[in-house]
Number of protein chains: 2
Amino acid sequence: MGFLPGQMMQQQLTISALIQHAAKYSHDVEIVSKRVEGDVHRYTWRDAELRSRKLAQALTRLGVQPGDRVGTLAWNGYRHLEIYYATSGSGAVCHTVNPRLFPHQIAWIINDAADQVLCFDLNLLPLVEKLLPELKTVKHFVLMTDRAHMPAASSVPNLLCYDDLVEAENGNYVWPEIDERAASSLCYTSGTTGDPKGAIYSHRSTVLHAFASTQPDAMNVSCQDVILPVVPMFHVNAWGLPYSTALVGCKLVLPGPHLDGKSLYELFEQEKVTMSAGVPTVWLGLLNYVGENQLKFSTFKSTVIGGAACPPSMIRAFEEQYGVEVVHAWGMTELSPLGTLSRLKSKHLDLPLEEQRRLLAKQGKPIFGIDLRIVGDDGHELPWDGAASGDLQVRGHWVIGSYYGREKSPLMDGWFPTGDVSTIDADGYMQITDRSKDVIKSGGEWISSIDLENIAMAHPAVHEAAAIACRHPKWDERPLLVVQLKPGATADKAAILGVFEGKIPKWQVPDDVVFVSEIPHTATGKMQKLKLREQFKDHVLPTI
Amino acid sequence: MGFLPGQMMQQQLTISALIQHAAKYSHDVEIVSKRVEGDVHRYTWRDAELRSRKLAQALTRLGVQPGDRVGTLAWNGYRHLEIYYATSGSGAVCHTVNPRLFPHQIAWIINDAADQVLCFDLNLLPLVEKLLPELKTVKHFVLMTDRAHMPAASSVPNLLCYDDLVEAENGNYVWPEIDERAASSLCYTSGTTGDPKGAIYSHRSTVLHAFASTQPDAMNVSCQDVILPVVPMFHVNAWGLPYSTALVGCKLVLPGPHLDGKSLYELFEQEKVTMSAGVPTVWLGLLNYVGENQLKFSTFKSTVIGGAACPPSMIRAFEEQYGVEVVHAWGMTELSPLGTLSRLKSKHLDLPLEEQRRLLAKQGKPIFGIDLRIVGDDGHELPWDGAASGDLQVRGHWVIGSYYGREKSPLMDGWFPTGDVSTIDADGYMQITDRSKDVIKSGGEWISSIDLENIAMAHPAVHEAAAIACRHPKWDERPLLVVQLKPGATADKAAILGVFEGKIPKWQVPDDVVFVSEIPHTATGKMQKLKLREQFKDHVLPTI
């Protein structure tokens with residue numbers, strides 16, 4: 001070997017070990033799913049593990065080999081969870097596809113991944129029927145429902161019933177030993193430009209990410225929690241929660257496609273949910289519902305918010321009005337996804353509340369296993385002073401080395417360029433100032449679109465705001481603020497611009513405000529600024 | 001490769017990454033050491049990392065090669081911490097030796113490990129001078145102190161000054177890339193019989209153990225904590241705290257050799273310690289001191305107790321009198337050491353306090369990465385009913401596969417036999433009933449010596465109690481209780497036996513009680529029952 005070896009047991013870090021641990025040591029802990037079919041389904045980690053083994057048998061019977069991709073078009077539910085474990089656990093690859101993408105994009109992704117099997121939820125059958133002519137590699141179509149809900153007829157050839165497949169097997173299946181470097185799961189980034197690219201995770205990266213994410217300073221996942229991932233299982237594996245909840249053996253609540261404020265609130269209360277995770281957009285709906293109906297949360301105590309910068313006004317609403325701790329996080333598909341989380345250090349505990357809030361509004365510091373740096377245009381590292389803003393690069397155990405099926409490495413000197421622009425302060429707290437493609441460059445100086453949006457969001461009439469670059473003959477670019485008002489609310493340009501006073505230098509204040517009925521979002525809940533820039537490309541600023 | 005690989009960054013799990021992360025993201029967080037020299041030393045994780053690099057340079061200059069063992073005889077202090085990281089980080093092996101062992105045993109261990117360098121604390125110089133004639137492999141002796149404290153003369157040849165070695169270097173040292181399977185550290189078990197055996201850990205096992213130990217359901221280590229390991233750094237790497245505190249970047253307080261109640265209490269208060277860990281014996285001294293002086297803890301909120309079964313009366317004292325949560329844990333040198341910890345599950349949170357206590361008095365459930373089973377005399381698995389008691393076996397990522405330098409595997413079917421006898425209940429909570437060699441077998445039935453001791457400890461006059469087997473013509477063995485009373489306390493046999501009434505079946509109550517001025521302990525704080533059995537081998541039970 002060329003070195004003195006430690007003499008420890010040799011075991012691979014495998015995904016099947018997670019659900020085996022849960023089934024053995026937390027066998028009676030519940031997994032509760034709000035089904036697409038409309039009812040609530042409950043069973044335990046032991047049941048989930050047994051059905052995952054049966055599904056692994058069924059997939060093998062369908063001809064799925066180690067390394068083969070099995071696609072899913074599905075919401076958060078127990079059958080989706082079984083597919084996670086049955087595929088990865090048997091050596092196949094779980095390929096989650098976002099059903100909210102354009103059909104043509106979905107078909108492109110499934111073809112690119114060369115999925116052999118496609119499993120999908122009942123309400124997505126019409127979508128699959130529409131995709132059918134474009135799909136080139138799928139040999140078996142599996143409808144994730146029971147016999148009673150199978151359609152009388154469908155244009156999908158040989159449509160298989162998920163529950164029939166599972167229930168036909170006896171469960172006499174031993175999870176195979178798998179090399180921890182083997183591919184376990186696949187998730188495509190829905191880039192706003194260019195073809196989507198796949199991040200293909202390994203068993204090792206997934207288990208290390210699960211270990212790291214349970215830490216008190218990360219997602220703080222405990223067996224005493226009841227966790228409801230609002231973030232979809234097709235969105236970077238619901239930020240690893242299907243794995244980390246098994247690792248600790250806690251109760252898992254899966255909301256299906258029912259993500260409106262009322263449905264979520266009722267599920268939180270009925271199942272005594274203590275912890276959740278999701279993108280800012282979905283929380284807007286929940287907060288509005290709870291606010292309008294003057295409700296409160298009985299058990300909900302903390303939520304991780306990421307996927308897009310969380311407006312400080314949302315953090316404040318959760319904490320001051322509902323006593324729910326918000327943990328601001330940053331990550332991306334290429335990071336499995338966890339990169340940083342905003343948690344106070346010991347020395348911050350005595351700071352005034354306002355200063356703590358300012359820190360917690362940042363995206364936070366990296367957990368062990370992830371390393372950060374920011375670089376300038378010339379590729380040189382920038383100082384960690386909380387002011388210098390540069391391209392954010394990362395490296396670590398759960399960061400991709402290359403995209404699925406592509407040899408060309410996106411890395412620069414071993415670092416992955418995130419496409420985000422950020423600062424890092426002396427304590428290592430990172431703050432995203434922009435996506436590099438969304439930066440507004442006025443007279444050679446960068447203006448942070450996220451700063452402008454966060455300030456605008458503090459106006460009580462504003463539902464959501466997007467700051468985009470608008471051409472300007474003198475300054476090259478100037479900020480234009482696009483605002484969607486709350487239903488029934490009114491505000492004019494002067495009122496909106498009034499909230500910027502004293503908060504940022506005058507030259508950074510938007511030159512104009514336009515009102516829209518709806519700000520467009522990507523399928524993963526991010527504002528589609530490309531679309532807005534296109535829409536307002538001929539907008540004439542009053543300052544010209 | 002024979003499988004479809006994930007396309008993630010390839011990084012090794014290395015110990016140097018831990019301190020680099022702390023130095024970068026928690027650079028100004030303090031490490032405070034009560035020095036052997038008498039004063040208090042403070043510096044930061046950044047300082048510690050720099051000095052570790054300098055020490056790595058110095059060790060290389062002394063001829064230490066990757067794989068070479070560097071021995072330590074030292075208390076918990078910053079120099080010991082630097083040795084941990086400088087040795088493992090440079091590819092050498094950190095071999096911690098327990099200075100409380102018999103000198104002959106110490107020499108045997110150092111020779112067996114073939115240590116090239118021996119580093120030791122100032123007050124252990126007389127010990128090393130005594131060992132000198134027996135040491136066969138040590139080429140360099142390093143006194144862990146500064147120039148001012150170096151002795152004028154010593155029988156140790158070419159005695160080197162630790163601080164001189166470190167300060168002579170410039171720190172221009174890059175931590176090398178190391179195969180994660182390489183040996184990182186070595187710790188001998190001080191078996192009560194036979195020669196000591198070494199557990200030689202790898203970088204991988206150490207980092208995985210650190211990840212696992214930080215979990216909320218494990219040691220719950222956060223960057224908001226101030227952690228004082230009472231458990232010595234020569235006792236299974238202070239249960240991994242030198243690694244897990246770096247992983248999260250929290251403040252670390254190292255008490256040196258000053259483990260009496262008064263010294264510990266003052267350090268806890270001065271440094272605002274929130275969390276600690278140690279064996280039951282050391283807590284007796286602290287609780288006595290705090291009780292006698294009617295003090296309370298200002299910041300101390302939880303402690304992990306392991307190494308030996310913790311009497312329920314101690315858990316009760318910590319929690320009811322001082323508001324300190326006790327987390328009962330079980331592990332061993334061969335497990336790095338964490339195996340199980342006692343934490344309530346979600347479903348237990350509504351149980352009456354007494355039932356929660358009964359659960360928490362067990363050694364708990366395994367963290368992910370560790371798997372348990374109990375087997376009977378015939379090697380078959382026993383049921384998990386909380387009643388059946390059998391040989392406890394474990395397997396996992398941080399369990400040894402074989403002992404240092406020995407080819408013969410101690411494993412049985414891939415499981416490590418712990419030598420402990422335990423039950424496991426339906427929820428996976430394990431409870432040690434005995435060391436297999438300490439079991440009392442009366443009329444063919446096992447009596448748990450630990451049960452008897454815990455009951456006896458509830459008597460207010462009892463400082464410590466040991467239950468041992470005594471020959472009996474009819475029953476083969478019967479329990480004899482050996483009691484050490486608290487200073488100034490009085491109690492007779494009838495009073496002691498009175499506490500057993502109604503707590504266990506009559507046939508399990510000890511046949512006799514003997515009082516001793518001191519119950520002997522091993523160097524790691526365990527009761528020496530072998531010695532007691534020898535001492536009382538001719539004791540005549542009144543029931544004969």
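B:His27 places no side-chain N or O within 3.5 Å of a backbone atom of A:Gly428 that could act as its donor or acceptor partner. A side-chain donor-acceptor contact under 3.5 Å links A:Lys24 to the backbone of B:Leu372.
In this structure, chain A has no heavy atom under 4.5 Å from any part of B:Ser185. Residue A:Gln20 does not touch chain B at all, counting heavy-atom pairs closer than 4.5 Å. For B:Leu186, no part lies under 4.5 angstrom from a heavy atom of chain A. Within the 4.5 angstrom heavy-atom criterion, only backbone atoms of B:Val221 (N, CA, C, O) approach chain A. Residue contact with chain B, scored on non-hydrogen atoms closer than 4.5 Å, involves the backbone and the side chain of A:Lys345 alike. With a 4.5 Å cut-off on non-hydrogen atoms, A:Leu349 touches chain B through its side chain but not through its backbone. Only the side chain of B:Ser205 comes within less than 4.5 Å of a heavy atom of chain A; its backbone N, CA, C and O stay farther away. In this structure, the portion of A:Ile367 lying under 4.5 Å from any heavy atom of chain B is its backbone and not its side chain. For A:Thr274, no part sits under 4.5 Å from any heavy atom of chain B, backbone or side chain.
Atom-to-atom distance recorded for A:His397:NE2 and B:Met9:CE is 11.0 Å, nearest 0.5 angstrom. Considering CG of B:Asn220 and CD of A:Gln215, their distance stands at 10.5 Å, rounded to 0.5 Å. One distance of note links CG of B:Leu208 with CG of A:Leu13; it measures 5.5 Å at 0.5 Å rounding. A distance of 7.0 Å separates CZ in A:Phe368 from NE2 in B:His21, rounded to the nearest 0.5 Å.
Contact residues of residues 399-406 of chain B toward chain A are B:Val399, B:Ile400, B:Gly401, B:Ser402, B:Tyr403, B:Tyr404, B:Gly405, B:Arg406 (heavy-atom distance under 4.5 Å). Interface with chain B: from residues 337-344 of chain A, residues A:Leu344 qualify, criterion being any non-hydrogen pair under 4.5 Å.
For the options B:Gln10, B:Gln12, B:Glu334, heavy-atom pairs under 4.5 Å to chain A are most numerous at B:Gln12. Contact count against chain A (heavy-atom pairs under 4.5 Å) is highest for B:Pro366 among B:Ala199, B:Ala17, B:Ala212, B:Pro366. For chain B, the option among A:Ser409, A:Ser222, A:Gly198 with the highest count of heavy-atom pairs below 4.5 Å is A:Ser222. Chain B forms the most heavy-atom pairs under 4.5 Å with one residue out of A:His203, A:Arg204, A:Lys365, A:Glu180, and that residue is A:Arg204. Of the residues considered (A:Gln65, A:Lys251, A:Arg395, A:His348), A:Arg395 shows the highest number of contacts with chain B, using heavy-atom pairs under 4.5 Å. Contacts with chain A were tallied for B:Pro216, B:Ser202, B:Ser346; B:Pro216 has the most, counting heavy-atom pairs under 4.5 Å. In terms of heavy-atom pairs under 4.5 angstrom with chain A, the leader among B:Gly67, B:Cys250, B:Ser26, B:Cys223 is B:Cys223. Highest contact tally toward chain B, considering only A:Gly396, A:Gly414, A:Pro66, is held by A:Gly396 [criterion: heavy-atom pairs under 4.5 Å].
Below 30°, between 30° and 60°, or above 60°: for A:Trp398 and B:Phe211 the angle between ring planes is between 30° and 60°, a tilted geometry.
At most 12 non-hydrogen atoms from other residues, nucleotides or ligands lie less than 6.0 angstrom from NZ of B:Lys272. The environment of A:Glu381 atom CD is dense: over 12 non-hydrogen atoms of other residues, nucleotides or ligands sit within 6.0 angstrom. Atom CD of A:Gln356 has more than 12 neighbouring heavy atoms from other residues, nucleotides or ligands inside a 6.0 Å radius.
Closest approach of A:Asp371 to B:Tyr25, counting heavy atoms only: OD1-OH, 2.7 Å. Of all heavy-atom pairs between A:Ile200 and B:Met8, the closest is O-SD, 3.5 Å.
Looking at heavy atoms from C-beta onward, A:Asp427 lies in side-chain contact with B:Asp28 at the 4.5 angstrom threshold.
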